[in-house]
Amino acid sequence: MQKINIEKLKGTKFQKKVWKALMQIPKGKTTTYKELAKKIGKPKAVRAVANAVRANPCAPYIPCHRVVRSDGKLGGYSGKGGVKKKIKLLQKEGVKIN
DNA sequence: CACATGACCTAAC
DNA sequence: TGTTAGGCCATGT
């Protein structure tokens, strides 16, 4: 499905793990940093996960916009348009925002 | 190697 | 209910 290989990108193993988990998120669905951290085996490394996500090449390689906070709010977005675009994208995919 | 940063989370005031 | 403080982990300087 993924046209690109994360392994081909440069970054630490931790990042690659996070990015892979991101791509594994089904469309129209959202995940929290906590769940993501848990998935990679470090439920306490939520901050490191957030760092990895923000350090990713972002659009259009990795759907970082599918990652939200536990509060239902969005975190941030280092892409074009900013968080606003992120919200729009999620809503377009059928995700409800607080 | 030590310090500082961050798109976080939880608890406490 | 809104803000502050502490804890946690990886990355970059």
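Computed from a predicted model, the values in this text were never measured in an experiment. Just so you know, these numbers use all the heavy atoms, side chains as well, and skip hydrogens, waters and symmetry mates. Just so we're on the same page: letters track the sequence lines, and every chain starts at 1.
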Along DNA chain C (nearest heavy atom to each residue), the more 5'-positioned of A:K44 and A:A55: A:K44
When all nucleic acid strands are considered with a 4.0 Å heavy-atom cut-off, which category describes [X]: base, sugar-phosphate, or nothing?
| X | value |
| --- | --- |
| A:A45 | sugar-phosphate |
| A:Y33 | base |
| A:G76 | base |
| A:S78 | base |

Student check: side-chain heavy atoms of A:E35 and A:I25 closer than 4.5 Å: no
Close side-chain approach of A:V18 to A:N56, heavy-atom, < 4.5 Å: no
Atom [atom1] of [X] and atom [atom2] of [N]: how far apart are they, to the nearest Å?
| X | N | atom1 | atom2 | answer |
| --- | --- | --- | --- | --- |
| A:K38 | B:dC9 | NZ | P | 13 Å |
| A:Q15 | C:dC9 | CD | P | 18 Å |
| A:K17 | C:dC9 | NZ | C1' | 13 Å |
| A:K42 | C:dA10 | NZ | P | 5 Å |
| A:I40 | B:dC8 | CD1 | P | 15 Å |
| A:D71 | B:dC9 | CG | P | 6 Å |
| A:L74 | B:dC9 | CG | C1' | 16 Å |
| A:K73 | C:dT1 | NZ | P | 12 Å |

Straight-line distance of A:Q24 CD to A:L22 CG, nearest 0.5 Å: 9.5 Å
A:K17 atom NZ: more than 12 heavy-atom contacts under 6.0 Å: no
Nucleotide nearest A:A50 (side chain, heavy atoms from C-beta), chosen from B:dT10, B:dC8, C:dA10: B:dC8
Which nucleotide in B:dC9, B:dG6, C:dC9 has an atom nearest any side-chain atom of A:N51: B:dG6
Under-4.0 Å salt bridge between A:K73 and A:D71: no
OP1 or OP2 of B:dG6 under 4.0 Å from side-chain N/O of A:R47: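 Checking A:R47 against B:dG6: no side-chain N or O falls below 4.0 Å of OP1 or OP2.
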